[in-house]
Amino acid sequence: MHKYRTHNCNELNLKNNNEKIILSGWVNKKRDHGNLLFIDLRDNYGLTQCVVDKNKNFFSKLEKLQLETVIKIEGKVVERSKDTINSELKTGQIEVKIESFEILGECKELPMPIFTDQEYSEELRLKYRFLDLRRKKIHENIILRSKVIEFIRTEMTKYGFLEFQTPILTSSSPEGARDFLVPSRLNPGKFYALPQAPQQFKQLIMVAGFDKYFQIAPCFRDEDARADRSPGEFYQLDLEMSFIEQEDVFEVVEKLFVNIFKKFSNKKLKYEKFPQIKYEDAMLYYGTDKPDLRNPLIISDLTNVFKRDDVKFEIFKKLVNSGSLVRAILTKNTKDKPRSFFDGIDKWAKEQGASGLAYFTFEKNNNISAKGPVGKLFSEESLKEIMKITKAEIGDSIFFSCGKINDLENIISLARDKIGKELGIINEDEFAFCWIVDYPMFEEDKSTKKIKFSHNPFSMPQGDINKIDYNNPLNIKAYQYDIVCNGVELSSGAIRNHIPELMYKLFSIAGYEKNEVDQKFSGMINALSYGAPPHGGIAPGIDRIVMLLANEKNIREVTMFPMNQNAEDLMMNAPSEVSPNQLKELNLALNKKK
RNA sequence: GGGGGUGUAGCUCAGUUGGUUAGAGCGAUCGCCUGUCACGCGAUAGGUCGCGGGUUCGAGUCCCGUCACUCCCGCCA
């Protein structure tokens, strides 16, 4: 017989009736009747009720056990009487009569309860993560994560991809996020950087001729945390393919995602062929490049309406004259919504820092009119034009806001989410994927007014590369794409620029000299000069995929040992100070701020 | 770097207009209980009210500062 167990805590049933068995696990719950004691024994797999009465001489010892003590019990499986069956347990038709027991792991008084639905502070959970992870919900989330990763590996292998590891100690790169640095002992004064992503390596793998690569890759970026963004590290399904176009990447990823989400969630997929939305259109219709397509609301541009003489909305007209835009959200058949609904949205918008959201409802008695505080400022003709632009009908309402393009897109996008939620028109039981395509290659830095890469400097510009208009860099589009699900950005990818001359040219637009590019990206630019295949890829975030599947709003709920917002590991006490000797070996001196 | 929220028993929280000895549930300890599965019943212990300062006859409560956690903005090619 096995030393610790013959079965796990989720597998005994009537078929085992009368068998002598051994179970090991944690004391999940005790129910002490004085002369009769029930113990729910828990392991990774489930619960089994064990029972003992006062006739056993070890009764009082068992009675005094702390919850969460690890014990081994030997006993006999017995059928429960009909009125004591627990249909909620898989093992609920039987129980185990304890004949002997042994303590395998003592447990001190718990800093927090395990077997409870009660929530407790993040700080406590992270400090005692090993206890927190025993709780059902998060325990299952972590198992889900493992299964998803296993499935991804199997699928990718099936599609002909090879998994490779790439270095964790690499070089710092000037573009992108802040690097984590690691001092080099053998090279005084020099530093490694942890990779923000295996970007250059995966391109080098293509140059090396491996054709299709993937990796569940750790990525390190020293930036501030958010609910959906761990500080420090996260994982990507990094993939890259040679001799392909954008559509080939889409095909692989769509197939993979459809398979993952069908296998691991009961929610419906709104699209199995993911819609492709141009970046420009996304910004116009949704105000963001990560739209939640479960929300049917669409944004329209009404700027020109406010240039008409028969519109008397003077505040907006003035702003429009000085370069602001007006954009609107149409809600269908909301004429009977109470005034408080409309004012509530307006009040909410003001709380978001906007000047508010104006609104009215289209009405018709003899003539078409607008009902609402600012309704009388619109002529019938202007209302007809608005109805045409927004495809409105009588009984519909519009909310509209005016501002400079970035602020306006921001607030109207938030308003679209808010109004959608208020109206209850977002289907929580589905996943709506989409591609955002045709990103601009460059953008203007708001503060410095300089041209910079808007996304990834290694992307291939679109169109005939001999006819690119370098004088108007902001018009250059790239083969650059994002995949978005339910308003969550899962990943960016691109067809890469594998032509060194073209890369120098693009870098020069962003203000990098040739020798600077050679120096900073030496590995890659050099490699591209020795016969590089056309290639491209993408890198979906594993943590966010699991977050969507587990229906969680916080990435720490699907991360086993996360750091807190301050990038500290409260359990391991990281980061920590190091000894003077360690510093000396690394040729480092500290210059601490008080 | 900036803004919001929270901080009271081991845990989750209540605490009125500033007013007696700061409460409840869970947990812990002790006692009772042979069919529970959130078992039940009784008792006991457990508090620098995050920390520091101020106002006041009197502060958990008001004011100022500070710290911790969290959410958001900046940042994240």
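Atom set for the values below is all heavy atoms of this structure, side chains included, hydrogens, waters and symmetry mates excluded. These figures come from a predicted structure and were not determined experimentally. First the proteins, then the strands, lettered A, B, ... as listed; each starts at 1.
Residue A:E95 has its side chain nearest to B:rG35 when only B:rC69, B:rC71, B:rG35 are considered. Of the candidates B:rU70, B:rC33, B:rC37, the closest approach to any side-chain atom of A:N86 belongs to B:rC37. Among the nucleotides B:rC71, B:rC76, B:rC37, the one closest to any side-chain atom of A:R221 is B:rC76. In the set B:rC76, B:rC69, B:rG74, the nucleotide with an atom closest to the side chain of A:E223 is B:rC76. Closest contact between the side chain of A:L124 and the listed nucleotides B:rC11, B:rC69, B:rG1 involves B:rC11. With distances taken from any side-chain atom of A:L126 to the nucleotides B:rG1, B:rG35, B:rU70, the minimum falls on B:rU70.
Using a 4.0 Å heavy-atom cutoff across all strands shown, A:S121 reaches sugar-phosphate atoms only and no base atom. Residue contacts shown for A:Q199 include a base, since a base heavy atom lies under 4.0 Å away. Among the protein residues, A:Q196 comes within range of no part of the nucleic acid, since none of its heavy atoms lies under 4.0 Å from any strand. Using a 4.0 Å heavy-atom distance criterion, A:S492 is classed as making no nucleic acid contact. A:P457 comes within contact range of at least one nucleobase, with a heavy-atom separation under 4.0 Å. If you check every strand for non-hydrogen atoms under 4.0 Å, A:Y120 touches sugar and phosphate atoms only. Residue A:N554 is in sugar-phosphate contact alone, with no base atom involved, counting any heavy-atom pair closer than 4.0 Å across all strands shown. Among the heavy atoms of the strands lying under 4.0 Å from A:R556 are primed sugar atoms or P, OP1, OP2 only; no base atom is included.
The gap from the C1' atom of B:rG46 to that of B:rA24 amounts to 14 Å, rounded to the nearest Å. B:rC11 and B:rG50: their P atoms are spaced 13 Å apart (whole Å). Atom C1' of B:rG23 sits at a distance of 12 Å from the matching atom of B:rG60, rounded to the whole Å. Spacing of C1' atoms, B:rG58 relative to B:rU6, comes out at 28 Å, to the nearest Å. With P as the reference atom, B:rA43 and B:rC26 are 13 Å apart, rounded to whole Å. Taking atom P on both B:rG47 and B:rG10, the two are 7 Å apart, rounded to the nearest angstrom. For the C1' atoms, the distance linking B:rU48 with B:rG7 amounts to 15 Å, nearest Å. Taking atom C1' in both B:rG27 and B:rG74, the straight-line distance is 43 Å, to the nearest Å.
One atom, CG of A:N35, and another, C1' of B:rC41, lie 15 Å apart when rounded to the nearest Å. Computed from coordinates, the A:L47 CG to B:rC37 P distance equals 15 Å when rounded to whole Å. Per the geometry, NZ belonging to A:K127 stands 12 Å off C1' belonging to B:rG10, to the nearest Å. Here the P atom of nucleotide B:rG1 and the CG atom of A:D222 are 13 Å apart, to the nearest Å. Separating the NZ atom of A:K64 from the C1' atom of B:rA28 is a distance of 14 Å, rounded to the nearest angstrom. Counting to the nearest Å, the P atom of B:rC69 and the CD atom of A:E122 are 11 Å from each other. Taking atom OH on A:Y128 and atom P on B:rC11, their separation rounds to 9 Å, with Å as the unit. For A:L110 and B:rG10, the CG to C1' distance is 10 Å, given to the nearest whole Å.
The base of B:rC76 sits within donor-acceptor range of the side chain of A:R229, with an N or O pair under 3.5 Å. Donor-acceptor pairing under 3.5 Å, judged by distance alone, is present between the side chain of A:Q49 and the base of B:rU36. Below the 3.5 angstrom threshold, one finds no donor paired with an acceptor across the side chain of A:Q118 and the base of B:rG27. Donor-acceptor pairing under 3.5 Å, judged by distance alone, is absent between the side chain of A:D83 and the base of B:rG35. On a pure distance criterion of 3.5 Å, a polar donor-acceptor pair joins the side chain of A:R80 and the base of B:rC37.
A salt bridge is defined here as a Lys NZ or Arg NE, NH1 or NH2 lying under 4.0 Å from an Asp or Glu carboxylate O, and A:D238 with A:K202 meets this definition. At a threshold of 4.0 Å, the pair A:K76-A:E99 does not count as salt-bridged, since none of the basic side-chain nitrogens sits closer than that to a carboxylate oxygen. Here A:R31 pairs with A:D40 in a salt bridge; the nearest charged N to carboxylate O distance falls below 4.0 Å. Of the charged side-chain nitrogens involved, at least one lies within less than 4.0 Å of a carboxylate oxygen, so that A:K136 and A:E140 count as a salt-bridged pair.
In terms of phosphate contacts, A:K29 brings a side-chain nitrogen or oxygen within less than 4.0 Å of OP1 or OP2 of B:rC39. Put simply, A:N564 has a side-chain N or O that comes within less than 4.0 Å of OP1 or OP2 on B:rC69. Between B:rA68 and A:N566, no contact under 4.0 Å exists linking OP1 or OP2 to a side-chain N or O. A sub-4.0 Å separation between OP1 or OP2 of B:rU29 and a side-chain N or O of A:Q66 is present. The side chain of A:R31 places an N or O atom within less than 4.0 Å of a non-bridging phosphate oxygen (OP1 or OP2) of B:rC39. For B:rC11, the OP1/OP2 oxygens have no side-chain nitrogen or oxygen of A:R135 closer than 4.0 Å.
Cation-pi check for A:K514 over A:F507 is not met; the charged atom does not lie both under 6.0 angstrom from the ring centroid and within 45 degrees of its normal. Annotation: cation-pi geometry not satisfied between A:K54 and A:F59 (NZ/CZ under 6.0 angstrom from ring centroid, within 45° of ring axis).
Using a 4.5 Å heavy-atom cutoff, the side chains of A:I476 and A:F442 are in contact.
The residue among A:E109 and A:A197 whose nearest nucleotide of RNA chain B is located toward the 5' end is A:E109. Closest-nucleotide positions on RNA chain B for A:N55 and A:L67 were compared, and the one nearer the 5' end corresponds to A:L67.
For A:F250 and A:Y481, the ring centers are positioned less than 6.0 Å apart. Taking the six-membered ring for Trp and the full ring otherwise, the centers of A:H498 and A:F458 sit at least 6.0 Å from each other.
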Dot-bracket summary - RNA chain B, pairs being Watson-Crick or G-U whose distances fall under 3.5 Å, with | when paired to another strand: (((((((..((((.....[...)))).(((((.......))))).....(((((..]....))))))))))))....
Test salt bridge (Lys or Arg N to Asp or Glu O under 4.0 Å) applied to A:R134 and A:E68, step by step: CA-CA 10 Å; A:R134 291 181 190 170; A:E68 295 303 311; 2.9 Å; yes
Pair A:E557-A:R145, salt bridge (Lys or Arg N to Asp or Glu O under 4.0 Å): steps then yes or no: CA-CA 11 Å; A:E557 299 300 329; A:R145 182 184 175 115; over 6 Å; no
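Under the stacking definition used here (centres under 5.5 Å, planes under 30°), the residue A:H33 qualifies as stacked on the base of B:rC39.
Annotation: the span from A:Q203 atom CD to A:R496 atom CZ amounts to 5.5 Å, rounded to 0.5 Å.
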